[in-house]
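I have placed the structure first, in the form of structure tokens, so that the comments after it can refer back to it.
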Amino acid sequence: MNKLAVTLADQHVSLSLKNPVLTASGTFGYGLEFAPYGDLRKLGGLVVKGLSLVPRDGNPMPRIAETPSGLLNSVGLQNCGVEAFLRHKLPLLPSADVPIIANLYGASEEDFASLAGILGAEPAIAALEVNVSCPNVKQGGAAFGQDPFAAAAVTEAVRKNAGDKPVIVKLSPNVSDLAAIARVCEAAGATAISCINSLSAMAVDLAGRKPLLGNVLGGLSGPAVKPVALRCVWQVCRAVSIPVIGVGGISSAEDVLEFILVGATAVQIGTANILRPDSVFRIVQDLPAACEKYGVERWEDLRGKLAVD
Amino acid sequence: MAHPLLSRETVLDLVPFGDSSQAGRYALRLSLPKWEAWSPGQFVMIRPVEPAADVLLPRPFSICLVTRRDLVLFFQVAGRATAGMARLTPGSRVVIWGPLGSPLAVEPHVPTLLLAGGMGIVPFIGYVHQHPTPWELSMEFGHRLPLSCYPFDSVNEKILVDPHLEKTPSHRDAFLAFVDARIGEYAASGLILACGPAPFLRAVQTSALRHRARTQLCLETRMACGVGACLGCVVRAVVPQDPDIARPLRPDYPAPSALHVQTCTCGPSFWADSILF
Ligand SMILES: Cc1cc2nc3c(=O)[nH]c(=O)nc-3n(C[C@H](O)[C@H](O)[C@H](O)COP(=O)(O)OP(=O)(O)OC[C@H]3O[C@@H](n4cnc5c(N)ncnc54)[C@H](O)[C@@H]3O)c2cc1C
Ligand SMILES: Cc1cc2nc3c(=O)[nH]c(=O)nc-3n(C[C@H](O)[C@H](O)[C@H](O)COP(=O)(O)O)c2cc1C
Ligand code: FES
């Protein structure tokens with residue numbers, strides 16, 4: 001039996017992963033970019049770049065700035081569109097051996113519903129992740145994830161159209177009551193919650209008196225946000241009974257165990273892939289030794305076992 | 001093209017160029033990665049094995065030369081990461097992945113003009129050493145520091161190089177006017193390749209378009225992942241180079257006339273009439 005396996009399930013649908021380590025959307029391209037650096041089939045799951053109904057050209061350059069222990073980006077969901085993805089990218093991915101999870105971005109509830117219809121009917125897609133939390137786009141994006149009613153409506157629309165696919169809702173840390181939003185998404189039919197997306201942030205060039213990003217505002221990610229992500233995952237895990245996927249600043253097998261300790265069922269690796277293209281493969285490889293070091297025989301021994309007086 | 005490879009390499013030595021008052025330019029010799037092949041114009045991403053506390057992202061550097069014994073990079077200190085690289089000592093370990101990106105065009109028997117601005121000379125070292133018919137090559141090199149600060153001799157030993165010292169704005173204007181005339185000479189039946197800072201490449205692009213000269217520009221766009229995944233290094237491509245996005249995807253959504261493409265995978269070399277940057 002594979003001791004590392006985990007399951008993302010609600011009462012209706014379920015998805016088994018051979019280990020709890022997935023890639024985070026937008027940091028792993030469409031997957032194939034990383035094939036030279038490791039075996040994609042060893043990953044727990046592969047979440048691809050956010051897909052919209054029609055191609056998006058994204059925000060103006062510059063799109064990336066380095067901050068202390070963090071990465072600031074304002075890519076703005078540039079993507080080839082769902083049809084080009086299904087036609088040209090998906091057939092090249094080893095979908096029989098690793099769950100491919102599509103990340104959805106829509107500017108309206110109808111967009112999300114159509115995307116869910118298209119991707120829900122695709123046998124090579126294992127699950128859908130709904131991005132209601134992108135800080136870098138003017139329309140939609142985080143607006144859905146900040147308003148409980150809108151978040152519930154989008155979740156419901158995707159659930160209704162996604163067929164038998166698990167629906168993961170990805171939440172933003174840029175809200176005052178994350179637990180409340182997670183609860184409405186659970187009630188609206190989410191199979192799992194993933195959090196966090198990047199934090200709304202900015203950086204400036206003092207000498208030039210200009211913003212460092214073409215879009216002025218961007219999203220902060222990387223080691224700098226890990227404590228925020230841990231806090232969010234801990235709070236959400238206490239608020240819902242569906243599985244939670246931890247995302248934010250994870251760059252080692254120990255980090256993975258920390259997120260599971262606060263209650264996560266699985267995790268996603270984001271910025272670490274950008275810093276070194278073999279990161280996610282190394283983390284998967286290091287996981288058994290880390291489990292042994294911290295005396296983790298089964299995930300149930302660790303998950304949510306944070307001792308809080 | 002050969003697959004890129006991620007490997008740990010050992011610093012063999014770090015040789016400063018120029019006299020001590022002009023310090024800040026170095027040839028970095030690394031142990032030879034087990035690459036199947038590489039082509040001039042390609043680059044590597046590099047990071048020290050122990051990342052410095054204040055440097056998170058890896059950094060891109062052109063492949064200067066690959067010999068049977070080593071991989072040579074040549075860099076100038078521009079900020080934190082390159083300052084850290086200048087402190088590497090023989091035996092230090094670095095992580096590199098490459099070769100990345102598209103090569104510079106090689107057309108044997110076509111007269112080829114190489115235009116280098118400052119550190120733009122670096123990819124041309126491998127280029128002139130690998131070119132099958134180097135007698136077809138000639139180079140104009142614009143530089144602000146003494147020639148001893150650049151790996152100038154490595155090019156000059158193979159082909160004739162015309163150096164142009166640009167001490168003042170009027171020197172620079174004269175150099176650009178000269179470059180424009182040279183581009184005119186090669187327009188009818190030659191090939192032109194240009195590497196250097198963005199303002200230099202923009203001037204070359206303007207001349208190339210005016211003379212309708214076949215010209216490749218090797219860009220130094222800021223990068224993060226170097227492998228095409230983060231979309232942080234895009235330029236607007238007038239003629240999209242990625243076949244997936246080249247054709248209209250839906251009848252109601254015609255392909256826009258310019259699209260963002262990654263410099264790290266679709267470039268860093270682009271035809272001058274295909275990009276806006
Ligand atoms: C494909 C490619 C090949 C390159 N080849 C070489 C090479 O052979 N030798 C070499 O010395 N350098 C080369 N560079 C540039 C080199 O990557 C940067 O100088 C380096 O990343 C700077 O890092 P830093 O931390 O020292 O400076 P930072 O602290 O990141 O920046 C210092 C200053 O330099 C500016 N800067 C940094 N990177 C760039 C950039 N890419 N374009 C314009 N301005 C920039 C910043 O705005 C800042 O003002 C190449 C870049 C690319 C994309
Ligand atoms: C360059 C970049 C692009 C991203 N694009 C997306 C995206 O398309 N969809 C999405 O849901 N999240 C996107 N994210 C957010 C990440 O998936 C992740 O939630 C966030 O970066 C925090 O994790 P990390 O610190 O491990 O990177 C992006 C992040 C980065 C750095
Ligand atoms: S640097 Fe990440 S896509 Fe080019």
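Below, chains carry the letters A, B, ... as their sequence lines are ordered, and counting in each starts from 1.
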Rounded to the nearest 0.5 angstrom, the CE-CD1 distance for B/Met223 and A/Ile274 is 14.0 Å
Nearest heavy-atom pair of B/Leu5 and A/Tyr37: which atoms, and what distance? C-CE2, 4.3 Å
Minimum heavy-atom separation for B/Arg236 and A/Asp57, please, with both atom names. NH2-OD2, 2.7 Å
Less than 4.5 Å to any heavy atom of chain B: does that hold for the side chain of A/Pro62, its backbone, both, or neither? neither
What pair of heavy atoms forms the shortest contact from A/Arg276 to B/Leu6, and how long is it? NH2-CD2, 3.8 Å
Search all heavy atoms of B/Cys230 against all heavy atoms of A/Ile64 and return the closest pair with its distance. SG-CD1, 4.4 Å
Tell me, for B/Thr221 versus chain A, whether the close heavy atoms (under 4.5 Å) come from the side chain, the backbone, both or neither. side chain
Under 4.5 Å from any heavy atom of chain B - which part of A/Phe28: backbone
Which region of B/Leu100, side chain (C-beta onward) or backbone (N, CA, C, O), has a non-hydrogen atom less than 4.5 Å from a non-hydrogen atom of chain A, or is it both or neither? side chain
Answer with side chain, backbone, both or neither: which region of B/Val235 has an atom nearer than 4.5 Å to a non-hydrogen atom of chain A? neither
Check B/Leu231 against A/Lys49 and note the closest heavy-atom contact, atom names and distance. CD1-CE, 4.1 Å
Would you say the side chain of A/Glu66 lies within less than 4.5 Å of the side chain of B/Val55, judging by non-hydrogen atoms? yes
Which pair of non-hydrogen atoms, one from A/Arg63 and one from B/His260, has the smallest distance, and what is that distance? NH2-ND1, 3.1 Å
Chain B contact via A/Tyr30 - which portion, at a heavy-atom distance below 4.5 Å: neither
Side chain, backbone, both or neither of A/Leu32 within contact of chain B (heavy atoms, under 4.5 Å): neither
